[in-house]
J.: 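What follows is a single structure, and I will ask about it in a moment.
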There are 2 protein chains.
Amino acid sequence: MNTTKRKRLEAKGWKVGNASDFLNLSPEEAAYVEVKLALSKRLQETRRVKNLSQEQLAQLLKSSQSRVAKMEAGDPTVSLDLLVRSLLALGASRKTLARMLA
Amino acid sequence: MNTTKRKRLEAKGWKVGNASDFLNLSPEEAAYVEVKLALSKRLQETRRVKNLSQEQLAQLLKSSQSRVAKMEAGDPTVSLDLLVRSLLALGASRKTLARMLA
DNA sequence: TGACTCCATGTCGGATATGACATATATTGA
DNA sequence: TCAATATATGTCATATCCGACATGGAGTCA
C-alpha cells in the first residue's frame, strides 16, 4: 500500500483522537500536523466570530463550501497554502499568523 | 493573458527589487509573499548554519538540488507546505516557525 | 411532517507543485 | 589559469491539490 494513501486514511484519526501517539508519525510529521490543525482551528474561530457560514466564506475566498469544510476539518488534501491564504483573506497579517502558531 | 501566468512572470521581480510596490498586489497577496520570503530566507540561513550544500539538504528532504535552490529563491512554484516541511525537517518546531514569522 | 439552512464527505476533471534531469553560471582553491 | 564544487534556471511527466458538484445528516422553525 502506498505510503501517502495510508497516511491519508490514518489521518482521519486526527480529529477523532488527539494526535501523533497511536499513529507512527515522525516528529516533523507530527509538527506539520500540529501546524495545520492550529491554523484550521483558527480559521473556524475567525469565521464564526465574523458570523459567516461556510458558504459565505467560500464565496469570499472564491472557493467552495466543501473545501471550507475540509479546511476546518484538517483534511489532508488541504494545503498549508490554502489555509494561510484563507486566513490572510480574513484579515490576518504575517504577524497575526505568527501569533496563531505560537 | 492568464492571471496566474502573469503573476509568475512578474514574480521574478521578487528577488530583484524589493516587493509589492510596483507590482499590483493586494494586501493579502503581499502578505502571502512576505510569509514565503521570510521562510525561504530562514531556510537558507538554517542550511548554511548547518554547513549543508543544497545537494545535501535535498537528500535529507528526499528532494532535488534544483528544488532547494527554488525554495531559497522564493520561486512561485514552491509551496508553503514544502517550505514548512523543509524547515521542520531541519529541526524547527511549531513555535520556532512562529518566531520565524514574527 | 416538510421546507430550510448549515456542515460533512466522497468523487472527479482540470490546475498546480513536485522530483528529476539537463545545463548554465558562480565560487572556490591550487 | 584550470578544475572541482556549489548554486541557478528551464523543462517535463507525474503526483497532488483545487473548485465544483452531489448527496447525506443534523438542527430549526412553522
Side-chain angles (χ1 to χ4, degrees), chain A residues 1-16 29 32-33 35-37 39-41 43-86 89, chain B residues 1-16 29 32-33 35-37 39-41 43-86 89:
Chain A
M1 187 179 198
N2 182 325
T3 300
T4 306
K5 188 74 171 212
R6 182 182 55 76
K7 270 186 213 160
R8 285 206 180 169
L9 292 175
E10 287 181 346
K12 303 222 166 186
W14 288 2
K15 59 182 191 312
V16 175
E29 285 173 326
Y32 177 70
V33 171
V35 167
K36 281 183 68 170
L37 288 187
L39 295 184
S40 46
K41 279 212 191 317
L43 180 67
Q44 187 171 64
E45 280 173 25
T46 307
R47 176 178 68 80
R48 287 183 170 159
V49 165
K50 301 209 171 199
N51 263 299
L52 297 172
S53 65
Q54 291 183 343
E55 180 61 42
Q56 289 172 316
L57 177 54
Q59 276 184 256
L60 182 64
L61 302 176
K62 287 165 188 160
S63 178
S64 61
Q65 180 269 326
S66 60
R67 202 126 285 277
V68 172
K70 281 161 191 170
M71 283 194 242
E72 294 183 353
D75 187 294
T77 74
V78 172
S79 70
L80 263 179
D81 291 70
L82 187 59
L83 280 167
V84 165
R85 280 188 281 109
S86 300
Chain B
M1 185 179 200
N2 182 323
T3 299
T4 307
K5 187 72 170 213
R6 183 181 56 74
K7 271 188 211 159
R8 286 206 179 169
L9 292 175
E10 287 180 345
K12 303 222 166 187
W14 288 2
K15 60 181 190 311
V16 174
E29 284 173 328
Y32 177 69
V33 171
V35 167
K36 281 182 68 170
L37 288 186
L39 295 185
S40 46
K41 280 212 189 322
L43 180 67
Q44 188 172 63
E45 281 173 24
T46 308
R47 177 178 67 81
R48 286 184 170 157
V49 165
K50 301 210 170 196
N51 262 301
L52 297 172
S53 65
Q54 290 183 344
E55 179 60 43
Q56 290 173 314
L57 176 54
Q59 275 184 257
L60 182 64
L61 302 175
K62 287 164 188 159
S63 179
S64 61
Q65 179 269 326
S66 60
R67 201 123 286 278
V68 172
K70 281 160 192 169
M71 282 194 243
E72 294 184 352
D75 188 294
T77 74
V78 172
S79 71
L80 263 179
D81 290 71
L82 187 59
L83 280 167
V84 166
R85 280 188 282 109
S86 300

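Per chain, numbering begins at 1; letters A, B, ... match sequence-line order. This one's a predicted model, so the numbers in the text were calculated from it and none came from an experiment.
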J.: Which whole-number value in Å describes the distance from B:Glu55 CD to C:dT23 P?
T.: 17 Å
J.: Counting the atoms with a prime plus P, OP1 and OP2 as sugar-phosphate, which does A:Arg47 contact under 4.0 Å by heavy atoms, base, sugar-phosphate, or nothing?
T.: sugar-phosphate
J.: Just checking, any donor-acceptor pair under 3.5 angstrom between side chains of A:Gln65 and A:Glu55?
T.: no
J.: I need the CD-P distance between A:Gln44 and C:dC6, as an integer number of Å.
T.: 15 Å
J.: Between B:Ser63 and C:dG19, is there a contact of a side-chain N or O with OP1 or OP2 at under 4.0 Å?
T.: yes
J.: Can you find an N or O donor on one side and an acceptor on the other, under 3.5 Å apart, linking the side chain of A:Lys70 with the base of D:dG19?
T.: no
J.: Please assess A:Lys50 against A:Gln56 for the test side chain to side chain contact (heavy atoms under 4.5 Å, CB included), listing each intermediate value before the final yes or no.
T.: CA-CA 11 Å; A:Lys50 301 209 171 199; A:Gln56 289 172 316; over 6 Å; no
J.: Taking atom types as they are modelled, is there a donor-acceptor pair under 3.5 Å from the base of D:dC21 to the side chain of A:Ser66?
T.: yes
J.: Suppose we call a contact any N or O donor and acceptor under 3.5 Å apart; does that hold for the side chain of B:Gln65 and the base of C:dA20?
T.: no
J.: In terms of side-chain heavy atoms of B:Ser64, which of C:dT9, C:dT18, C:dA20 is nearest?
T.: C:dA20
J.: Could you state the atom-to-atom distance from CG of B:Leu43 to C1' of D:dA8 in whole Å?
T.: 15 Å
J.: If I take atom CG in residue B:Leu82 and atom P in nucleotide C:dT16, what distance separates them, rounded to the nearest angstrom?
T.: 18 Å
J.: Figure out the CZ/P separation between A:Arg67 and C:dA8, and round it to whole Å.
T.: 14 Å
J.: Can you measure from OG (A:Ser79) to CG (B:Leu80) and round to the nearest 0.5 angstrom?
T.: 8.0 Å
J.: Would you indicate what B:Val68 reaches in the nucleic acid, counting non-hydrogen atoms under 4.0 angstrom: base, sugar-phosphate, or nothing?
T.: nothing
J.: Please report the distance, rounded to the nearest Å, between CD in B:Glu72 and P in C:dA26.
T.: 17 Å
J.: Please state how far atom CG in A:Leu80 lies from atom C1' in C:dT18, giving the value in whole angstrom units.
T.: 16 Å
J.: Rounded off to whole Å, could you give me the CE-to-C1' distance for the B:Met71 and C:dG19 pair?
T.: 10 Å
J.: Which heavy atom in B:Met71 sits nearest to a heavy atom in B:Ser40, and how many Å separate them?
T.: O-CB, 2.9 Å
J.: Quick check: do B:Lys70 and B:Leu82 have side-chain heavy atoms less than 4.5 Å from each other?
T.: no
J.: Among the candidates D:dC18, D:dA6, C:dC7, find the nucleotide nearest to the side-chain atoms of A:Ser79.
T.: D:dC18
J.: Assign each of A:Gln56 and B:Asp81 to its nearest nucleotide of DNA chain C by heavy atoms, then name whichever residue's nucleotide is nearer the 5' end.
T.: A:Gln56
